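I have placed the structure first, in the form of structure tokens, so that the comments after it can refer back to it.
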Amino acid sequence: MLIHIRNLWKTYDMGQAVQVQALRGVDLDIERGEYLAIMGPSGSGKSTLMNLVGCLDTPTEGTYELNGRMVSQLSDDELAYIRNKEIGFVFQTFNLLARATALHNVELPLIYNGTPASERKKKAQQALAAVDLTDRSHHKPNELSGGQRQRVAIARALVNSPSIILADEPTGNLDSATGAEIMQLFDRLSKQGHTIILVTHEHDIAAYAERSVHLRDGKIEKDERRAA
Amino acid sequence: MGKLKTPIWESVKISLSSLRANKLRSILTLIGVIIGVTSIITMVSLISGFNKLVADQLATLGSTTFIVEKFGIILSDDDWFDAMKRKDLTLADYQAIAAGCSECEEVAIQKASNRKVKYGREHFSRVPIVGITPNYMKVVALDDIVDKGQGRVITEFENDHRRQVAILGPELVDKFFPMLDPIGKKVRIGGIDFTVVGVPKKRGSFLGDNQDRFAAIPFSVYQKYFSNKLEPWEGLQFYIKAKDYPSMEKAQDQVRAILRARRHVPYHDKDDFGMYTAETLMDLFKKVTTGISFTLVGIVSISLLVGGIVIMNIMLVSVTERTREVGVRKALGARRRSILLQFLIEAVTLAVAGGTAGILLGVLLAKVISWTTPIPAAIEPWSIIAGLLVSTGVGVFFGVFPAAKAARLDPIEALRYE
């Protein structure tokens, strides 16, 4: 089991004794190699769940085991270590560093775990090759199209060989044709054995995944697998 | 639990690239620190150059020589009024010292006033004329300076027989005898004819005092022609050389005892004459420049403080602008320490760049001032090191707060920041 979540609660204090319960007891298991979509309307708690799964935040209650390690009560720096090792983020707005080249953007996670420069370059080149962007490695984000930018971001997510790729509305800022290309790329990565978690509210995007988990009011409403 | 290690060098590279991305802003940010460090370097150079110049000049007086005169060192109006009431030092005092001071090797007299000096149609008004006993030249090393110039010094014989001979300052010689040999020429000093026997080497100005514009004549001749027009501050000055350095104090005590007895100074009263050495003068000068230094330290501190606040301000802007970047870096595994270092190094790099520019500018400014004005400059290596240390300190001190602010950012909030 790659991800083992039990009775996960997240409560936000909004001040003046007002509390918002974003998650109310979520149980979720994800196997290695799964391709899963987390769906739900806004306010359903899917962003909160994504932040917790992505180790950007810790739950108020409950346990989260990632790759055999209990990560639900770690310090900031320990979480940073887990994010670096285990999680590759893909964001809706790409979140590339504007001043840096595609190659340097892909190298970033490696910089934060002290990979030597020569090895870093090699790994980053390999990751860019995996998303078919070898010829764009020295371009800066503003010299790339939206689809290419998202592919750089995916290469960045892949470069450290993480346990999961966590993609938050990865096609939200792309036109439908480019979006479809990106989704095909995720398909390919899934077939290569990567574990992928998509967070989306679009049904046709979720349809690419093999399993979809629907959230409503902080609870899992539906957990369905696509017939193979 | 393993630890993520980000080499410092990577943090430096990240910081530099972000500074390069905002060149103009980075340069403007530096101005405060540049001005601060420039002032440190320039001021230290000028003060120490000045000190060296003064030390060199006072060295000609030698460590075994002391000066006795009516006034001494005047530091206040009260001193001045007290000194004005004192009796002049007389020729009889001189004779008493010369006879009674066993530790004194030479006792010389100098007396000075301003006169007009004329040759042909050319003239200088108000030239300092010094009447001297010939041993005065030995005491203040004027004999060496004449040796390096032209002609010779004034002899004992000339003083004893009231010969009208003069040593003429090189500035006067340049004007009177631009093409001619000055030795043996007759010039008119205060209406009396004098034969030029020697011309000292050029020495330039010292503390605004032109050392090449004077004439020295035998003391006996001075007494005969110029002494009747005495003004109250024109008493005799004694230049006394002790036998050697160890006998300095004894010689001064002997002279003090002789003068106090002759001038009937009561036992508990202070001396009614001044006595000082090159060391006394140097100490006094150092006291003055130290005072100036402290004032400057205050001014420099203010400009460094302002420079530091500007750096802090720009770093806060930079952190806010790059909130999202911080979020991304954190999501990718940057620890607090890495983010802290990134921004701290950025601040320190800014400050040290300012410090380096300040050092270069300061050295340049000190050089330009010493080339274009008579004020000398001596660049002190310690001031350069101090400049670097101070600017690094400013960078760390004013960079920590913005950097800590960036490091504390919550990655979720930061990623959502527009």
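Just so we're on the same page: letters track the sequence lines, and every chain starts at 1. We use all heavy atoms of the structure for the numbers below, so side chains are in, but hydrogens, waters and symmetry mates are not. Computed from a prediction, not measured in an experiment: that's the story for all the values here.
No donor-acceptor contact under 3.5 angstrom links the side chains of A:Asp77 and A:Ser75, judged on distance only.
Of the two parts of B:Arg329, the backbone and the side chain both hold a non-hydrogen atom closer than 4.5 Å to a non-hydrogen atom of chain A. Only the side chain of B:Arg416 comes within contact range of chain A, with at least one heavy atom under 4.5 Å from a heavy atom of that chain. Residue A:Leu97 touches chain B through its side chain alone, counting heavy-atom pairs closer than 4.5 Å. For A:Asn95, the parts sitting under 4.5 Å from any heavy atom of chain B are the backbone and the side chain alike.
Between chain A and the residues B:Arg336, B:Arg20, B:Arg322, the most heavy-atom pairs under 4.5 angstrom are made by B:Arg336.
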Worked check of side-chain contact (heavy atoms from CB on, under 4.5 Å) between A:Asp175 and A:Thr178 = CA-CA 6 Å; A:Asp175 60 63; A:Thr178 320; 2.7 Å; yes
Begin from the C-alpha positions of B:Phe50 and B:Phe285 and carry the test ring pair (Phe, Tyr, Trp, His ring centres under 6.0 Å) through to its verdict.
-> CA-CA 10 Å; B:Phe50 226 55; B:Phe285 186 78; 5.8 Å; yes
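Listed here is the closest heavy atom pair of A:Pro162 and A:Ala157: CG-O, 3.2 Å.
Partner of A:Tyr64 under the side chain to side chain contact (heavy atoms under 4.5 Å, CB included) criterion, out of A:Ile5, A:Val26, A:Leu74: A:Ile5 alone.
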